Amino acid sequence: WSSFQRQKKRENRTFTFRNSKHTYNGIPIIAANMDTTGTFEMAQVLSKHTLFTAIHKHYSVEDWKNFAASHPECLEHLAASSGSSNADFEKLCSIVEAVPALKYICLDVANGYSEYFVEFVKSVRGKFPQHTIMAGNVVTGEMVEELILSGADIIKVGIGPGSVCTTRIKTGVGYPQLSAVIECADSAHGLKGHIISDGGCSCPGDVAKAFGAGADFVMMGGMLAGHDQCTGELIEKNGKKYKLFYGMSSDTAMKKYVGGVAEYRASEGRTVEVPYRGDVENTIRDVLGGLRSTCTYVGAAKLKELSRRTTFIRVTQQSSHMFT
Ligand code: 5GP
């Protein structure tokens with residue numbers, strides 16, 4: 001082994017999922033299933049490093065077929081996303097049928113606290129007994145348990161922490177992400193389930209903290225936005241380059257896919273222009289470099305050990321700034 005390969009192994013994890021019995025191996029970082037970041041282009045780069053991509057739900061079955069035929073090596077580390085509507089479910093079934101090598105399904109709703117969603121998870125499990133099912137979003141232990149017992153393998157945790165999410169402002173609903181991860185990891189692990197910490201990471205240190213708090217996977221949107229692999233045109237303003245990034249329930253996404261925000265609902269996502277950051281390879285290197293260094297600081301030989309070597313202390317500010 002070269003020292004690079006040895007270092008690479010360090011953040012690798014192996015999990016066997018509770019309900020699908022499937023064994024996963026890779027670096028447990030996931031590109032969010034937003035239409036800007038959960039792209040096939042992102043999956044091509046991320047899967048080379050064994051990182052995971054939750055592909056957004058707006059690709060057609062034809063797109064899936066073409067991608068699967070031309071990039072079969074990527075299929076090990078990606079999931080097909082679906083909402084809980086009948087149309088979403090029908091499309092998911094067609095994708096699963098068209099791409100037999102696909103192993104992961106990501107069932108994503110803004111609010112995982114409904115009997116309807118629990119029944120939906122049960123029916124997806126009934127139809128796909130061997131697929132690994134990610135389901136969310138929730139933020140408390142009892143709902144994590146309910147979804148795992150209903151057939152989900154990996155629970156997506158986070159309500160309100162997303163960088164382009166305005167749920168906390170529009171509705172007053174949300175849960176501090178670190179507390180949610182600590183609580184939900186405990187509940188999931190008690191049942192041999194797993195969790196994804198979804199949203200709220202703004203720097204590599206935040207990713208390390210999510211793992212330290214017990215997350216098995218960390219999902220990122222904003223940190224992966226603005227790259228070549230993201231959907232959207234480059235915008236040039238005053239000599240600087242930007243790319244558009246927006247919440248999946250923002251006005252922008254609603255207009256694109258359903259012809260506007262439904263009248264009875266407020267949009268719960270914002271639209272931002274993020275600085276263009278080139279190839280996502282550089283960002284991956286930055287995140288993995290940070291994570292390896294975290295492990296060194298706290299004395300964790302592997303990522304698996306990180307949560308056992310982590311103590312959180314309440315602070316008033318997390319970073320120091322230059323004195324001017
Ligand atoms: P980030 O890594 O940017 O902080 O968070 C990404 C996560 O934000 C996504 O995986 C998803 O859970 C959440 N998210 C994406 N779009 C929206 C939106 O429009 N509204 C809300 N409430 N959350 C969103």
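Whatever order the structure lists ligands and atoms in, that order sets their numbers, starting from 1. Computed from heavy atoms alone, side chains included, the values below leave out hydrogens, waters and symmetry copies. Here the structure is a predicted model, which is why all the values come from computation and not from measurement.
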(message) Check this for me: does any side-chain nitrogen of one of E119 and K122 sit under 4.0 Å from a carboxylate oxygen of the other?
(response) yes
(request) Output, in order, the C-alpha distance, side-chain angles, deciding distance and verdict of side chain to side chain contact (heavy atoms under 4.5 Å, CB included) for V181 and I195. (result) CA-CA 8 Å; V181 170; I195 68 157; 4.0 Å; yes
(request) Mind running side chain to side chain contact (heavy atoms under 4.5 Å, CB included) on M254 and S249 for me, showing each step along the way? (result) CA-CA 6 Å; M254 296 281 193; S249 66; 3.9 Å; yes
(message) Quick check on contacts: which atoms of ligand 1 are under 4.0 angstrom from a heavy atom of M219?
(response) 10 (O)
(request) Give the numbers and elements of all ligand 1 atoms closer than 4.0 Å to a heavy atom of G200. (result) 1 (P), 4 (O)
(message) Within the supplied structure, the quantity of interest is the number of heavy atoms (other residues, nucleotides, ligands) at a distance under 6.0 Å from E73 CD; does it exceed 12?
(response) yes
(request) Work out whether the distance between some heavy atom of A110 and some atom of ligand 1 is less than 4.0 Å. (result) no
(message) Any non-hydrogen side-chain atom of L306 less than 4.5 Å from a side-chain atom of V298?
(response) yes
(request) List the closest protein heavy-atom neighbour of atom 20 (N) of ligand 1: residue, atom name, distance to the nearest 0.1 Å. (result) E268 O, 2.6 Å
(message) At less than 4.0 angstrom from any non-hydrogen atom of A32, what atoms of ligand 1 do you find?
(response) 10 (O)
(message) Geometry only, no angles: is T167 polar-contacting ligand 1 at N/O separations under 3.5 Å?
(response) yes
(request) Pick out which of T37, D279, T283 makes a side chain to side chain donor-acceptor pair (under 3.5 Å) with H227. (result) T283
(message) Checking the N or O distance criterion of under 3.5 Å, is ligand 1 in contact with S249?
(response) yes
(message) For atom 8 (O) of ligand 1, what is the closest protein heavy atom, and at what distance to 0.1 Å?
(response) G162 CA, 3.7 Å
(request) Classify the contact between M223 and ligand 1 as side chain, backbone, both or neither, using a heavy-atom distance cut-off of under 4.0 Å. (result) neither
(request) Would you please say whether a donor-acceptor pair under 3.5 Å links the side chains of E62 and S60? (result) no
(request) Give the numbers and elements of all ligand 1 atoms closer than 4.0 Å to a heavy atom of G269. (result) 19 (O)
(request) Examine G221 against ligand 1 and note whether any of their N/O atoms are separated by less than 3.5 Å. (result) yes
(request) List the steps, then state whether salt bridge (Lys or Arg N to Asp or Glu O under 4.0 Å) holds for K243 with D228. (result) CA-CA 9 Å; K243 278 192 113 168; D228 292 332; 5.6 Å; no
(message) Among all protein heavy atoms in this structure, tell me which lies nearest to atom 10 (O) of ligand 1, with the distance rounded to 0.1 Å.
(response) D198 OD1, 2.5 Å
(message) Is it true that, when you exclude Y297 itself, more than 12 heavy atoms of the residues, nucleotides or ligands shown sit nearer than 6.0 Å to its OH?
(response) no
(message) As an exercise, identify every atom of ligand 1 less than 4.0 angstrom from a heavy atom of M220.
(response) 2 (O)
(request) Compute the shortest N/O to N/O distance between N33 and ligand 1 and return yes if it is under 3.5 Å, no if not. (result) no
(request) Considering the heavy atoms of S163, write down every atom of ligand 1 situated less than 4.0 Å from one of them. (result) 1 (P), 3 (O), 4 (O), 5 (O)
(message) Using side-chain heavy atoms (C-beta onward) and a distance below 4.5 Å, is N33 in contact with M219?
(response) yes
(request) Taking atom types as modelled, find out whether Y104 and S20 have a side-chain donor-acceptor pair closer than 3.5 angstrom. (result) no
(request) Say whether M248, considering both its backbone and side-chain N or O atoms, lies within less than 3.5 Å of an N or O atom on ligand 1. (result) yes
(message) Just to confirm my output: which protein heavy-atom neighbour is closest to atom 24 (C) of ligand 1, and how far is it?
(response) C165 CB, 4.1 Å
(request) Ignoring hydrogens, tell whether any protein atom lies closer than 4.0 Å to atom 14 (N) of ligand 1; use the non-hydrogen atoms only. (result) no
(message) Pairs of nitrogen or oxygen atoms closer than 3.5 Å, one from G222 and one from ligand 1: do any exist?
(response) yes
(message) Between D35 and K256 (salt bridge meaning N to carboxylate O under 4.0 Å), is one present in this structure?
(response) yes
(message) With respect to G199, determine whether any N or O atom, backbone or side chain, lies less than 3.5 Å from an N or O atom of ligand 1.
(response) no
